[in-house]
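Every number for a ligand or one of its atoms is a count from 1 in the order of the listing. Predicted, not measured: the structure shown is a model, and the values here were computed from it.
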Amino acid sequence: MSKTHYNVNGLGGDILLGVMGDPIAHSKSPVMHMAALQALGIPGAYVPLHIVPERLAEAVQAVRVLGFRGVNVTIPHKVAVMPYLDKLDASALSVGAVNTIVNDSGVLTGYNTDGIGYVRSLKSELAPDLNGARIVVLGAGGAARGIVTALLQERPEQIVIANRTKDKAEELAEACRSAVTVTGIALEQAAEAVSQADIIINTTSVGMAPHLDGMPLEPSLLRPGQIVSDLIYNPLNTRLLKEAERIGCRIHGGLGMFVYQGAYALEYWTGQAAPVDIMRQAILDCLG
Ligand code: ATR
């Protein structure tokens, strides 16, 4: 492969990638993407970029000036970055947030790979066919929006969004209305929907370190054979997943979503298939 393949400003050189966030030091993206670049034999670097909100516009301009091929965008910039981009892919428009920017000779396009990354992980690890599935999504925030949007493409039978604040569940369900039935309910009224579901997905932060005891759901509502999925990857197995496994559910943790959102981004930047197993292992090694 030619070294100038990823040249975006006519100056040549290795591929430059990064992740913008505030804070950013904890991000596992650099470790994951550096391992991927190495495995693919692509010379370059993926660096953490600590960008405070007041300087986001300048940082986006710097992507063009410095000739970065692309960047990931994380908290708190995923929505705020949108006005500074030249184009928005359908994924970014439907979710209303951007986590990946691709630089084509100075023209910046925003994508959202979180939802499609999650669905690719769920399908490749546990549920190859989501067509006709009954799905309950716990939570109605930004993560839920991306996941519901991506799930709709798989034509499930229905999606029930259960949220602590019922209004937000109803609003998200309304915004996602399509050929698939999408309903919003209060989390405390989710018992029946959960017992009838094929797949239950936690998108809330309940159970995330350091609050390891938290569970978004009473596990006695679960049935053997159901798929229980948790977006949280710290810890790798939340208390919800441990309880679900004990009951006989099939469990799916959040690491895969993180790996596959990165895999899509890397594929947009390089045009090459992402080495997902190597990316996953890089994070596992880093988590010890
Ligand atoms: P994200 O982008 O990660 O989805 P968010 O937009 O802040 O973050 O949404 C967080 C979600 O977790 C919300 O659905 C929130 O419920 P509310 O809308 O009622 O705030 C949910 N959540 C957070 N803490 C929770 C808790 N202790 N119990 C139940 N749900 C909780």
### Message
Between the side chains of D114 and R145, is the shortest nitrogen-to-carboxylate-oxygen separation below 4.0 Å, so that they form an ion pair?
### Response
no
### Query
Between A144 and ligand 1, does any nitrogen or oxygen pair lie at a separation below 3.5 Å?
no
### Query
Looking at atom 7 (O) of ligand 1, would you say a protein heavy atom lies below 4.0 Å from it?
no
### Message
Is the distance between the ring centroids of Y118 and Y260 under 6.0 Å?
### Response
no
## Note on the structure
For G139, the atoms of ligand 1 under 4.0 Å from one of its heavy atoms are 14 (O)
### Minimum heavy-atom distance between D14 and G44, given as atom pair plus value
CB-CA, 3.6 Å
#### Entry: Backbone or side-chain N or O of G142 under 3.5 Å from ligand 1 N or O
yes
### Query
Going by heavy atoms, is P216 under 4.0 Å from ligand 1?
no
### Neighbour count above 12 (heavy atom, 6.0 Å) for R223 CZ
yes
#### Entry: Residue of the set I147, D230, I116, I232 for which side-chain contact (heavy atoms from CB on, under 4.5 Å) holds with M257
I147
### Message
Please list, in number order, the atoms of ligand 1 under 4.0 Å from a heavy atom of T204.
### Response
12 (O), 21 (C), 22 (N), 30 (N)
### Message
Students should be able to answer this: which protein heavy-atom is nearest to atom 5 (P) of ligand 1, and at what distance?
### Response
G141 CA, 4.0 Å
### Task
Decide side-chain hydrogen bond (donor to acceptor under 3.5 Å, both in side chains) for D22 and H77; before the verdict, give the C-alpha distance in whole Å, the side-chain angles of both, and the deciding distance to 0.1 Å.
CA-CA 8 Å; D22 178 24; H77 304 314; 5.6 Å; no
### Query
Quick one: nearest non-hydrogen protein atom to atom 25 (C) of ligand 1, plus distance?
R164 NH1, 3.3 Å
### Query
Should you measure from each heavy atom of N163, which atoms of ligand 1 turn up under 4.0 Å away?
13 (C), 14 (O), 15 (C), 16 (O), 17 (P), 18 (O), 19 (O)
### Task
Run the salt-bridge test on R120 and E267 with the 4.0 Å N-O cut-off and return the result as yes or no.
yes
### Message
Using a strict threshold of under 4.0 Å (side-chain N to carboxylate O), is an ion pair present between D104 and R69?
### Response
yes
### Message
If you scan the protein for heavy atoms around atom 10 (C) of ligand 1, do you find one that is closer than 4.0 Å?
### Response
no
### Task
Write out the residue and atom name of the closest protein heavy atom to atom 28 (N) of ligand 1, then the distance separating them to 0.1 Å.
V206 CG2, 3.5 Å
### Query
Considering only heavy atoms, does K168 approach ligand 1 within less than 4.0 Å through its side chain, its backbone, both, or neither?
side chain
### Message
Using a 4.0 Å cutoff against the non-hydrogen atoms of T165, which atoms of ligand 1 qualify?
### Response
17 (P), 18 (O), 19 (O)
### Task
For R177, look at atom CZ and say whether over 12 heavy atoms of other residues, nucleotides or ligands are found less than 6.0 Å away.
yes
## Note on the structure
Looking only at protein heavy atoms, what sits closest to atom 3 (O) of ligand 1 is A143 CB, 4.0 Å
### Task
Report, in ascending order of atom number, the atoms of ligand 1 lying under 4.0 Å from any heavy atom of S205.
23 (C), 24 (N)
### Message
Regarding E245 and K242, does a basic nitrogen lie under 4.0 Å from an acidic carboxylate oxygen?
### Response
no
